[in-house]
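For reference, the structure is listed below as structure tokens.
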Amino acid sequence: MKAKNYFILCTLGLFFLMGLKSVRCQEKLTTDQIMQKVDTRIIPKDMMAMMKMDLIDKKGNVRSRAMKTYRMSDDKQIMWFLEPADVKGSSFLRLSHEDRDDDMWLYLPAFGKVRRIASHAKSGNFMGSDFTYEDLGDRKLKDYTYKLLKEETIGDKACWVIESIPKQDVTTDYAKIVSWIWKDDYLAVKEEFYDKKGNLKKVKSIDIQRVDKYWVPSKVTMEDLKSEHKTELLFDQISVDTGLKNEIFDTSYMTRIY
Amino acid sequence: MKRIVFLTIVIALGFVPYSHVNAQTYELRGNLRQWVKIFNQSPYATDLLETRLKLELLSTFGQNTAFRAVNHYVYDGLKKSNDWYFQEAYIDYYSRTLDIRLGKQVIAWGKADEINPTDILNPQNLTNITEDKNIRKIGLLSLKTDWKFYDFVLEGIWKPEFQSMQLPPLNSQWAFFTIPGLSELPSPSYPENKLENTEWALKLSHTILMYDFSVSYFDGWDNIFTPVLVFNPVTQQMQLDRLVFHRTKMFGADFAGSIHSVGVWGEFAYFRTEDTGGTNPYIKNPYLQYVVGADYTFGYSIKANVQYFQEYITKVDDDVEEESEEAIISKLGIGIPLQQAASLRIEKKFGDYDQHRVELFGFYDIKDQGMMLQPKLVVSPEDAFSLEIGMVIFDGDKESIFGRFGNNDEIYLKCIYSF
């Protein structure tokens, strides 16, 4: 009898817990909560990759750059240019901060010294690509207000379509950004960037791949609709959680010979 | 001779196969530059036809050791002469907190654009002031260490070798000054090769909020000689007797950051010469040089930067002494003899990949009323290949350095292929 009661109790308890989980799954997230989850989703502690950056003009002509990049979460990134020969040895460092704009430096061997990229210059194109320095930086959750526009499917991915409008004191080149957030993993798979006049300026699409337990980009395409120019960033030889050391993300590493 | 032996050793080290090192790599890269120049007032069809091959050998031994050598081969197509030299050849050792660089090297200090009062660790070859600054710099044997602690970097430099700025000959069209009756300067008396004659420097760098700061100190030789004049009883005039070098100490500081949407920087250097009291007419008085600058990007592609430079000579009793102290040869640390000047650079990139550039660079000598303008167009029809066409225009009062170069207006073409 005791065993029977115990079994019923356990079964009820199990149903209760399952019910709780079910309620939680069905709970409708607010837009802010979705963006919070995007911001805190699990990403590699660090990542090393080789990158190929193809600059494609409206006639389809391509110029390619090759880079090696190291990242520490979303906060720190260092990149060395390997090709073509006239930019080889150049490097880029970005350090993100919670309470202020990102710090960015560029090293050009011809000058022999590392130069800080001033905040205003972040609207400039990164090495001739369609990415600006701002695009390479980390958007801070608190700097924007969010609005859920609709739900849509891209390929086989069910997405929330969320509009991000920068708060007044935020320095940015964009009036708003519309992001397609993949519901399964809180990952942006497409973004539209609108200029200060409200015109759609650029579209970014992100192909993702699974590396170990993480979803990471395999290809990022940024298309400038006005110039009909686009840049494709292709990731290769990706390694994650390699135990990269913090000190690599320092201006002194930008000038090293590797 | 010592230098040749040293360079041979350093270069050999770059090629030695290290059996115990797993990841040993070699790489040869560089560029080939053809430079053609025609002076406005010249009777010749071409005034410079120079081919420069820059070869750079890079070698790494594992993750901690690397070697780099930079060699220049220069062929003068008009004089049919050639020259080759190593600008740099050094070994790097990297560790978590300490980086060491030993060998012939160029060290760049300062955060300003082109005008860098603190950038005195390497002399420059000033025989052609229109040459790129990174080529003008003369590499010197040095030991450099970078010690990283917390968020600071302490750079320490020891230079056993001293070399002075290489000035244009007195009869050259780029001569900064003339001495009546002299077509060539006598050889200066260099300091003896002794331990106490070596030079050393320190720099502490740090980033606070959105600003990079550094303070620096240098104890070494003034890399411009001081002329000693004597009275000639026959001609009843002062005449050049000899050229000597004096010790100097430099206390420097610089910063770079931004205020709202304007990038700002500054660089300051106080030179404490041997004549701290300003009493010896044959030794320079202490002086201060500073430059402040700002840049701004208009729209997406037009960048502009302006700078203001000034030099103050301290301990000056009267105008006569001030004039003599401001003599052109006194301080060339920034590469060009100026006391008060402003510079402007406007640049616009264009093309599908921002691969082309049009630029205007100008110097205005506020004190002596002269100016230099350099408009240029750089196009890159293919990756790693660029064509630069430009002009250099000098104008101003004959007393000013740019007025002195008034006959040197030029048009030039540079083709650069990188590999």
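Basis for what follows: all heavy atoms, side chains included, without hydrogens, waters or symmetry-related copies. Since this is a predicted model, take the numbers as computed values, not measurements. A note on names: the letters A, B, ... follow the listed sequences, proteins ahead of strands, and every chain is numbered from 1.
Only the side chain of B:K148 comes within contact range of chain A, judged by heavy atoms closer than 4.5 Å. Contact annotation for B:S380: both backbone and side-chain heavy atoms come within less than 4.5 Å of a heavy atom of chain A. Heavy atoms of B:W109 lying under 4.5 Å from chain A belong exclusively to its backbone. Both the backbone and the side chain of B:L209 come within contact range of chain A, with heavy atoms under 4.5 Å apart. Contact annotation for A:N61: both backbone and side-chain heavy atoms come within less than 4.5 Å of a heavy atom of chain B. If you measure heavy-atom distances from B:R29 to chain A, the contacts under 4.5 Å come from the side chain alone. Residue A:D102 touches chain B through its backbone alone, counting heavy-atom pairs closer than 4.5 Å. Of the atoms belonging to A:D57, heavy atoms from both backbone and side chain fall under 4.5 Å from chain B. Using a 4.5 Å cut-off between heavy atoms, B:D212 touches chain A through backbone and side chain atoms alike. Neither the backbone nor the side chain of A:T251 comes within less than 4.5 Å of any heavy atom in chain B. Using a 4.5 Å cut-off between heavy atoms, B:Y211 touches chain A through its backbone atoms (N, CA, C, O) alone.
For the pair A:T171 and B:H260, the minimum side-chain heavy-atom distance is 4.5 Å or more. Counting only heavy atoms from C-beta outward, the side chains of A:D130 and B:Y353 never approach each other to under 4.5 Å. A:N125 has its side chain out of reach of B:K349: every pair of non-hydrogen atoms, C-beta onward, lies at least 4.5 Å apart.
Heavy-atom neighbours of A:K167 NZ from other residues, nucleotides or ligands within 6.0 Å: above the threshold of 12. Within 6.0 Å of NZ on A:K142 lie more than 12 heavy atoms contributed by other residues, nucleotides or ligands.
Separation of atoms OG1 (B:T207) and CG (A:D250) is listed at 8.5 Å; rounding is to 0.5 Å. To the nearest 0.5 Å, the span separating OG on A:S64 from CG on B:D383 amounts to 8.0 Å. For the atom pair A:D103 CG and B:M210 CE, the distance stands at 5.5 Å (nearest 0.5 Å).
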Assess the residue pair A:K88 and B:E56 against the criterion (salt bridge (charged side-chain N to carboxylate O under 4.0 Å, His left out)); give the C-alpha distance rounded to whole Å, side-chain angles, the decisive distance to 0.1 Å, and a yes or no. CA-CA 12 Å; A:K88 189 166 190 170; B:E56 198 174 339; over 6 Å; no
Steps toward salt bridge (charged side-chain N to carboxylate O under 4.0 Å, His left out) verdict (A:K58, B:D352): CA-CA 9 Å; A:K58 58 184 169 194; B:D352 282 325; 6.0 Å; no
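Scanning both residues, B:A384 and A:D86, for their nearest heavy atoms gives N-OD2, 3.1 Å.
With chain B as the partner, the residue from A:K245, A:R65, A:R115 showing the most heavy-atom pairs under 4.5 Å is A:R65. In terms of heavy-atom pairs under 4.5 angstrom with chain B, the leader among A:K113, A:E83, A:M127, A:H97 is A:K113. When each of A:E247, A:R63, A:K59 is checked for heavy-atom pairs under 4.5 Å with chain B, A:R63 comes out on top. Between chain B and the residues A:S227, A:A85, A:G89, the largest count of heavy-atom pairs under 4.5 Å involves A:A85.
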